[in-house]
Asks: 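Okay, here's the structure, questions in a sec.
Heavy atoms only: backbone and side chains are in, while hydrogens, waters and symmetry mates are out. Everything quoted here is computed from the prediction, not taken from an experiment.
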Amino acid sequence: CRPILWSMHFSMWSTGTYARGMSVLEVLISIAIVTLLATLSFSALTQFLNTNAVEKETAVVVATLAYARSQSMSGTYDTSYGVHFASSTITVFRGSTYSQSASTNVSRQFGGGVVVSALSLGSGVVDIVFSKLTGAPSATGTITISSPKDPINKKVLTITGTGLVQ
């Protein structure tokens, strides 16, 4: 005498109404496709985030330079203003020279791993000071902002003789 479950299983299988599962090959192909799609999505997302971070921090640099220039031109506190660049920070300072310990400094750390990768403002120049009333910069040249994670992704800003940023 056969067990009832065995006979039900056998009869369903032999009639073709038994639900068939996935083979190992089908599971492996499905996993490979999902892995490929996840890799492509992650790569695209990473590139988008790096591009977005560089553009955001470039806008911050432009706004910071415009702020320092406008403060100098308006004669706020009867002094000039400047911007000091380090690889991962930007600092607005009062006066004609940068002092790291000045309490009036306003510093901002770059986000998203973004850095100032190149300053071409003159030999060893890391500060731009805007003159009172005219807003003329103490140095002109270029500032390159980039992401070390994606060296191709960079923005180059040009400081003109009038102090405007292009």
Asks: Can R94 be said to sit on top of Y77's aromatic six-ring, NZ or CZ under 6.0 Å from centre and within 45° of the ring axis?
Replies: yes

Asks: Start with the C-alpha distance between L65 and I143, add both sets of side-chain angles, then the distance that settles side chain to side chain contact (heavy atoms under 4.5 Å, CB included), and finish with yes or no.
Replies: CA-CA 11 Å; L65 289 165; I143 302 165; 4.2 Å; yes

Asks: What heavy-atom pair brings L164 and R69 nearest, and what distance separates the two atoms?
Replies: CD2-NH1, 3.5 Å

Asks: Assigning hydrophobic clusters by single linkage (Ile, Leu, Val, Met, Phe, Trp, Tyr; side-chain heavy-atom cutoff under 4.5 Å), is I145 placed with V165?
Replies: yes

Asks: Does anything in residues 27-43 pair up under salt bridge (Lys or Arg N to Asp or Glu O under 4.0 Å), and if so which pairs, sequence neighbours excluded?
Replies: none

Asks: Which distance, rounded to the nearest 0.5 Å, do you find between the NZ of K155 and the OG1 of T51?
Replies: 8.5 Å

Asks: Between F130 and Y81, does the ring centre distance come in under 6.0 Å?
Replies: no

Asks: What are the two closest non-hydrogen atoms of T134 and M73, and how far apart are they?
Replies: C-CG, 3.8 Å

Asks: Are V126 and I90 linked, directly or through other ILVMFWY residues, by side chains that come within less than 4.5 angstrom of each other?
Replies: yes

Asks: Between V60 and R108, is any pair of side-chain heavy atoms under 4.5 Å apart?
Replies: yes

Asks: Measuring from F85:CZ to F110:CZ, what's the distance to the nearest 0.5 Å?
Replies: 7.0 Å

Asks: State whether the side chain of S72 and the backbone N or O of K132 hold a donor-acceptor pair below 3.5 Å, judged by distance alone.
Replies: no

Asks: Tell me the side-chain hydrogen bond (donor to acceptor under 3.5 Å, both in side chains) pairs involving residues 115-129, sequence neighbours left out?
Replies: H84-D127, S117-S146

Asks: When you group the ILVMFWY residues by side-chain heavy-atom contacts below 4.5 Å and let the links chain together, are I128 and V62 in the same group?
Replies: yes

Asks: Does the pair F93 and V129 meet the rule for a side chain to side chain contact (heavy atoms under 4.5 Å, CB included), with working shown?
Replies: CA-CA 9 Å; F93 61 91; V129 179; 3.7 Å; yes

Asks: Tell me whether E57 contacts the main-chain N or O of G111 through its side chain, where contact means a donor paired with an acceptor under 3.5 Å.
Replies: yes

Asks: Identify the heavy atoms of G113 and P148 that sit nearest to each other, and give their distance.
Replies: O-CD, 2.9 Å

Asks: In this structure, would I159 and V125 fall into the same cluster of hydrophobic residues linked by side-chain contacts under 4.5 Å?
Replies: yes

Asks: Could you give the distance from CG (L28) to CD1 (I33), rounded to the nearest 0.5 Å?
Replies: 11.5 Å

Asks: How close do A68 and G82 get, counting heavy atoms only, and between which atoms?
Replies: CB-O, 4.2 Å

Asks: Considering residues, nucleotides and ligands other than I152, do more than 12 of their heavy atoms fall under 6.0 Å from its CD1?
Replies: no

Asks: Taking a hydrophobic cluster as the set of Ile, Leu, Val, Met, Phe, Trp and Tyr residues connected by side-chain heavy atoms closer than 4.5 Å, whether directly or through intermediates, do L121 and V83 fall within one such cluster?
Replies: yes

Asks: Ignoring hydrogens and angles, write down the donor-acceptor pairs under 3.5 Å from the side chains of residues 41-50, residues two or more places apart or on other chains.
Replies:
{"unit_1": "S41", "atom_1": "OG", "unit_2": "L37", "atom_2": "O", "d": "2.9"}
{"unit_1": "T46", "atom_1": "OG1", "unit_2": "F42", "atom_2": "O", "d": "2.8"}
{"unit_1": "N50", "atom_1": "ND2", "unit_2": "T46", "atom_2": "O", "d": "3.4"}

Asks: Just how far is it from atom CD1 of I31 to atom CD of E26, taken to the nearest 0.5 Å?
Replies: 12.0 Å

Asks: Consider only side-chain N and O atoms of S88 and Q109, and report whether a donor and an acceptor are under 3.5 Å apart.
Replies: yes

Asks: May I have the step-by-step check of side chain to side chain contact (heavy atoms under 4.5 Å, CB included) for S131 and S80, ending in yes or no?
Replies: CA-CA 6 Å; S131 64; S80 58; 5.8 Å; no

Asks: Have a look at L157 and tell me which of V116, T58, T142 forms a side chain to side chain contact (heavy atoms under 4.5 Å, CB included) with it.
Replies: T58

